[in-house]
Amino acid sequence: MNSPRDEHELWQSEKMAALGRLAASVAHEIRNPLGAVDIQLQLMRETAIELDPDVGGRFVERLDIARAEMRRLDGIVQNFLRYSRPPALHLAPIAPQSLLERLHSLVEPEARQRGVECTLLAAADLPMLKADDNVLSQALLNVIINALQAVDDGGHVVLSAERLGESFLRFRVEDDGCGIPDQDLERVLEYYYTTKDTGSGLGLSIAQGILQQHGGVLHLQSRPGAGTTVDLEMPTIES
């Protein structure tokens, strides 16, 4: 007899399969006209540059804004395609601490600007992972950005990694932010479910899918007003 958790995961898989089919169809229908519009905007921009500098300059500025929005729409379509066709992994040995150091250097300026202290804990003798560096970086970055957005000025985000037994490694991202209400905790890993006014509901669900592709698992713990901890557990090369 399947447990409630097994039934929930089965339901989630069936839901994702249906969303994948829909995403592929929508993306195919939208990408071609988006590309055509972008080409026309580019041609208009080239023509505008030849106009009177005052008029042409304002026109070019507005065309650049329009093209930026077109690229944003294309990015949304690309996300749809990713859900329908998970990318093939290019596996290679990865040093966990080096990966965290790179991501920390990437997000630390934004954290500092937001008044958030983002701390990387050092760890020695961590086992190597066999993973797709770009894809795994995306998963961790999604989780870290979520943590940064959850804390206010003066808050803290901590990044760490540690060995779990003989065959697993755990990345951990902790924050002391607002936390997640109990009624939302079971649903925040679902695609398109978000508790943010401007959120897409994709960051954690994408991270969970990437972990599953690598044979890993994502765990989430949170308490309202006390912060959130996200663990990303992965098998090591030694396993």
Side-chain angles (χ1 to χ4, degrees), residues 3-9 11-12 15-16 96-97 99-124 126 129 131 136-165 168-212 214-236:
S3 67
R5 182 182 181 86
D6 291 336
E7 292 177 357
H8 177 76
E9 291 179 354
W11 172 81
Q12 187 75 345
K15 177 182 176 183
M16 285 312 305
Q97 191 67 22
L99 173 59
L100 279 183
E101 289 171 358
R102 188 173 76 244
L103 294 176
H104 178 261
S105 66
L106 182 65
V107 302
E108 203 277 332
E110 179 184 348
R112 187 169 60 249
Q113 185 177 21
R114 296 170 62 93
V116 176
E117 182 178 347
C118 185
T119 303
L120 171 62
L121 299 184
L126 292 175
L129 302 173
L136 182 57
S137 295
Q138 180 190 3
L140 281 164
L141 192 58
N142 285 352
V143 175
I144 294 168
I145 290 173
N146 264 17
L148 290 176
Q149 293 176 344
V151 297
D152 297 322
D153 188 359
H156 301 81
V157 173
V158 179
L159 316 179
S160 62
E162 64 177 332
R163 182 191 293 266
L164 288 181
F168 270 81
L169 177 132
R170 176 172 63 203
F171 292 106
R172 172 166 285 181
V173 179
E174 300 175 84
D175 69 68
D176 58 1
C178 58
I180 302 170
D182 293 340
Q183 66 269 22
D184 294 320
L185 194 56
E186 288 295 321
R187 301 193 60 193
V188 291
L189 294 177
E190 295 179 10
Y191 280 80
Y192 304 111
Y193 186 83
T194 179
T195 58
K196 304 173 187 175
D197 292 338
T198 58
S200 65
L202 297 174
L204 287 177
S205 48
I206 289 175
Q208 178 178 242
I210 290 171
L211 262 289
Q212 291 172 346
H214 285 83
V217 63
L218 185 148
H219 295 293
L220 179 69
Q221 302 176 57
S222 186
R223 285 193 303 150
T228 300
T229 298
V230 181
D231 290 333
L232 302 91
E233 299 177 2
M234 296 183 58
T236 65

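Along the sequence shown, residues carry numbers from 1. Keep in mind that this is a model prediction, so the values were computed, not measured.
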Exercise for review: Using atom types as modelled and distance alone, determine if a side-chain donor or acceptor of Thr236 lies under 3.5 Å from a backbone N or O of Leu129.
Suggested key: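 Between the backbone of Leu129 and the side chain of Thr236 there is no qualifying donor-acceptor contact (under 3.5 Å).
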**Study point:** Side-chain donor or acceptor of Asp231 paired with backbone N/O of His219 under 3.5 Å
**Key:** no
[X] versus [Y]: any side-chain heavy-atom pair under 4.5 Å?
X: Glu233; Y: Leu211; result: no
X: Leu140; Y: Leu99; result: yes
X: Phe171; Y: Leu103; result: no
X: Arg102; Y: Ser137; result: yes
X: Leu220; Y: Ile180; result: yes
X: Val151; Y: His156; result: no

Please find the pair of heavy atoms, one from [X] and one from [Y], that lie closest to each other, and give the distance.
X: Ala207; Y: Asn142; value: N-ND2, 4.4 Å
X: Pro96; Y: Leu126; value: CB-CD1, 4.1 Å
X: His104; Y: Cys118; value: NE2-O, 2.8 Å
X: Ser222; Y: Gly227; value: OG-O, 3.2 Å
X: Ala161; Y: Ala123; value: O-CB, 3.5 Å

Point to revise | Atom CZ of Arg223: over 12 foreign heavy atoms under 6.0 Å | key: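 Atom CZ in Arg223 is not packed in, count stays at 12 or less.
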Review point. How long is the gap from CD on Glu174 to OG1 on Thr119, to the nearest 0.5 Å?
Key: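 Taking CD in Glu174 and OG1 in Thr119, the distance rounds to 10.5 Å.
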Review point. Once you round to the nearest 0.5 Å, how far does OG of Ser160 lie from CD of Gln97?
Key: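 It comes to 9.0 Å.
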Check your understanding: Met234 and Leu169: side chain to side chain contact (heavy atoms under 4.5 Å, CB included), yes or no, with the steps?
Key -> CA-CA 5 Å; Met234 296 183 58; Leu169 177 132; 5.5 Å; no
I'd like a table of donor-acceptor pairs (distance under 3.5 Å, sequence neighbours excluded) in which one partner is a side-chain atom from residues 106-114, with atom names and distances.
{"from": "Glu108", "atom 1": "OE1", "to": "Arg112", "atom 2": "NH1", "distance (Å)": "2.2"}
{"from": "Glu108", "atom 1": "OE2", "to": "Arg112", "atom 2": "NH1", "distance (Å)": "3.1"}
{"from": "Arg114", "atom 1": "NH2", "to": "Leu148", "atom 2": "O", "distance (Å)": "3.2"}

